[in-house]
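Heads up: the structure comes next, in structure tokens.
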Protein chains: 2
Amino acid sequence: MSTASKPTISDVAAHAGVSIATVSRVVNGGEEASVGVALETRRRVREAINDLGYVPSQAGRTLRRQTSNLVALLIPDITNAFYAAIAHSVELALRDLGYAMTLCNTDEDPELQDKYLQEMQEHQVHAVILLGAVESAGLEKAVKAGVRMAFLNRRAPTETRMPFVGIDNRAAGAAVARHFLAHRYDPIAVIHGPLGSSASRERYEGFEQALRANGVELAADCIEHGDLTIDSGYTAAERMLRTGRRPAAIFCGNDLMAYGAYRRCRDLQIRVPDDIALFGFDDNPMNDWLADWLSTVRVPYDRFGSATAGVIGRMLSAADEGPRETPEEILLPYQLVIRGSS
Amino acid sequence: MSTASKPTISDVAAHAGVSIATVSRVVNGGEEASVGVALETRRRVREAINDLGYVPSQAGRTLRRQTSNLVALLIPDITNAFYAAIAHSVELALRDLGYAMTLCNTDEDPELQDKYLQEMQEHQVHAVILLGAVESAGLEKAVKAGVRMAFLNRRAPTETRMPFVGIDNRAAGAAVARHFLAHRYDPIAVIHGPLGSSASRERYEGFEQALRANGVELAADCIEHGDLTIDSGYTAAERMLRTGRRPAAIFCGNDLMAYGAYRRCRDLQIRVPDDIALFGFDDNPMNDWLADWLSTVRVPYDRFGSATAGVIGRMLSAADEGPRETPEEILLPYQLVIRGSS
DNA sequence: ATTATTGATGAAAACGTTTACAGAAAAGCA
DNA sequence: TGCTTTTCTGTAAACGTTTTCATCAATAAT
């Protein structure tokens, strides 16, 4: 049984008594669109396709078309629900555009990012979307090779003229600072992310500058940093709380680090948010259910998809109209979410 | 600048003064393996590849080889950290085997699952891994078409002779029941997942039967069900807690539904775990940080990767040795994690 | 010195599509 | 009727690989 190997377009053509060109036209013509193939012929071809269980080969198609229907999404940490939510949103939007998404986890590792970048080039992906890109040699190479790219959440770490979708992190950081000042928290502390990442840096700078503008200076022992993981939030909080002075509020570079800090506080019998206020960033979708003590900056993860689809779509036409003077930038609205301030 | 279109293997061949066959051999031969190309030639080819920035085309390769280096992972809900963790583990293992993973979110939707199944067939993926498969027509079709598949966490909903990797859900459910009995919780309640999914069904049946074996019967108003989302856990708990009788312990079909139930309890000023014990399933990686009140069954998500790599690898050789009488089954160890019972 | 044996290389044939071009039939028009 | 226009279909040429087979040189064996 089933000695027959995969049927190809020629098998279908033979079975339907037409040429392969006609089959191709039927397959590629929209559902009922009149692509210029007679109704009766189309019916016959459709029948043959069904009879044989024909599945067109993307390899053949890609080879001929010189571009695939794949779009790559590089993501730093798939287990971070915030990133996962963005990935989900992007997948939906791409699907509407007729693309299939392949998702690659870079673990914030430049080497791995480069490996994936190369691999996706090999697959002639239609575009590479970098959610939280990290600086790497391969980035420049890909730009030179003409790979379409888009940067989400974090700006391109190097000069690329590629579009960006995200929020105004600097302004958001400043907004958090103003919130802290309004509540007269003192002392104020911060656990920031890696300053090499534009998002983390801008958040921190916006926060710090807004404080300074209001005459508040961050004490040296009130500045810690982590690498955006829960663990690093825990250890950063550990270092910070080891000293005598206990901060009244900590601004964490993302929600995950705030989770870690939270855990450390509980271990020390410090109540959140009564004894200490924690502020995160991203608004992980979990928060409403599990972290009603965490105030945070809500980044509208479900709006990344359509925004990204937009820039990807525009990159096609952009090629004709010559290079833009400045890369496209879509800034999504953010929002302060204040929780637990009963 | 950069008028040159992508260099192909022939460009490299010309540049290095060899034939394309030789280039292919160099590209495919391992790093230092002696594939039968002279050292000096190899050096020249490598140089040419570098000079030109040559990137081999997977389309060409796939077309010729009749199989790609892609493995598809179908996942029901990427924002569920437990599934995400498994996906991560699988990606790592596949990478070691030299495959690239493409991740597709099925949203538990049979239609979408079928769409992806078809699409992945078009890409001639090396295998399709179904994490939490749902019953659908396309599944049978894919089996007939000779697609290699593996089922993770949930058993194949229909007869496919394809391998399974997961835990003994029935035994785990029974273990939870015994735990409840030991604590003399009364009354005992359950919020189970969709009984169409083998995992949910087996968990529930194991639980229920173990209770019955010990002379405990679940009351009708102590049985609710959800669809494994947080929301459904919330509403299920709402229905259950509306009645006068408050259960002493609820066994939830997965951690997410337990989160929802938790939220409902808090809304009603019911303390967890003091007033009511919640038991989940999966042990979402978040739990240690954010849910120290949740006891659960730990499924070793980080062991799915290598186990899956194993079955995938074995499917290659399996073809030769004729069909197995019974599909391979790998049962991973599970573990009861008891939290908050200070 | 001749013959086997080994090792490196090249020529050429697939693999399954899409699409430009051309030809044929049908339809419109005078 | 003859002419032009439209609509449909087929032929054939890429697209970039891998791999079999043959060739040829160099080395080993007699």
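Since the structure is predicted, the reported quantities are computational estimates derived from the model, not experimental observations. A note on names: the letters A, B, ... follow the listed sequences, proteins ahead of strands, and every chain is numbered from 1.
Spacing between atom NZ of B/K6 and atom C1' of D/dG16 amounts to 12 Å, rounded to whole angstrom units. Atom-to-atom, NE2 of B/H123 to P of C/dT17 comes out at 13 Å; the value is rounded to the nearest Å. A straight line from CG of A/D11 to P of C/dG16 spans 8 Å, rounded to a whole angstrom. The nearest whole Å value for the distance from the CD1 atom in A/I9 to the P atom in C/dT18 is 6 Å. When rounded to the nearest whole Å, the span between CG of B/L52 and P of D/dG16 equals 13 Å. Rounding to whole angstrom units, CD of residue A/Q58 and C1' of C/dG16 are separated by 11 Å. When the P atom of D/dT9 is taken as reference, atom CG of A/L39 falls 10 Å away, rounded to whole Å.
Checked against D/dT20, C/dT18, D/dT9, the side chain of A/S24 finds its nearest nucleotide in C/dT18. For B/I20, counting side-chain heavy atoms from C-beta on, the closest listed nucleotide (C/dT9, C/dA12, D/dG10) is C/dA12. For A/R25, the listed nucleotide lying nearest its side chain is D/dT9; candidates were C/dT18, D/dT9, C/dA8.
Remark: B/R44 engages no residue in a side chain to side chain donor-acceptor pair (under 3.5 Å) (not counting sequence neighbours). Listed by chain and residue number, B/S57, B/A59, B/L63 satisfy the side-chain contact (heavy atoms from CB on, under 4.5 Å) test with A/L63 (two or more places apart in sequence, or in another chain). Contacts of A/H126 classified as side chain to side chain donor-acceptor pair (under 3.5 Å), with partners at least two apart in sequence or in another chain: A/Y99. Residues that satisfy the salt bridge (Lys or Arg N to Asp or Glu O under 4.0 Å) test with A/R64, not counting sequence neighbours, are absent from this structure. Take B/R155 and apply the salt bridge (Lys or Arg N to Asp or Glu O under 4.0 Å) test, not counting sequence neighbours, and it matches B/E202, B/E329. With sequence neighbours left out, B/E159 forms a salt bridge (Lys or Arg N to Asp or Glu O under 4.0 Å) with no residue at all. Partners of B/R65 under the salt bridge (Lys or Arg N to Asp or Glu O under 4.0 Å) rule, at least two apart in sequence or in another chain, do not exist in this structure.
Judged by closest nucleotide on DNA chain C, B/S19 is the one of A/T8 and B/S19 placed further toward the 5' end. Nearest-nucleotide positions on DNA chain D for B/A21 and B/A59 put B/A59 closer to the 5' end.
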What does the list of N/O pairs under 3.5 Å between the protein and nucleotides 26-28 of chain C look like, with a distance for each?
none

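Under a 3.5 Å cut-off, the side chain of A/S89 and the backbone N or O of A/A85 do not form any donor-acceptor pair. No donor-acceptor pair closer than 3.5 Å links the side chain of A/T41 to the backbone N or O of A/V37.
Of the residues in residues 60-71 of chain A, those placing a heavy atom less than 4.0 Å from an atom of DNA chain D are A/L63, A/R64, A/Q66, in numerical order.
Taken over five-pair windows at either terminus, the axes of the helix from C/dA1-D/dT30 to C/dA30-D/dT1 are inclined to one another by 40° (rounded to 10 degrees).
The phosphate of C/dG10 (OP1 or OP2) has a side-chain N or O of B/T22 nearer than 4.0 angstrom. Note on B/S57: every side-chain N or O is 4.0 Å or more away from OP1 and OP2 of D/dG16.
The salt bridge (Lys or Arg N to Asp or Glu O under 4.0 Å) pairs that include a residue from residues 111-126 of chain A are A/E119-B/R95, where partners are two or more places apart or lie in different chains. Residue pairs meeting the salt bridge (Lys or Arg N to Asp or Glu O under 4.0 Å) criterion with at least one partner in residues 66-76 of chain B, sequence neighbours excluded, are absent.
Taking 4.5 Å as the limit, every side-chain heavy atom of B/V27 sits out of range of all side-chain heavy atoms of B/R46.
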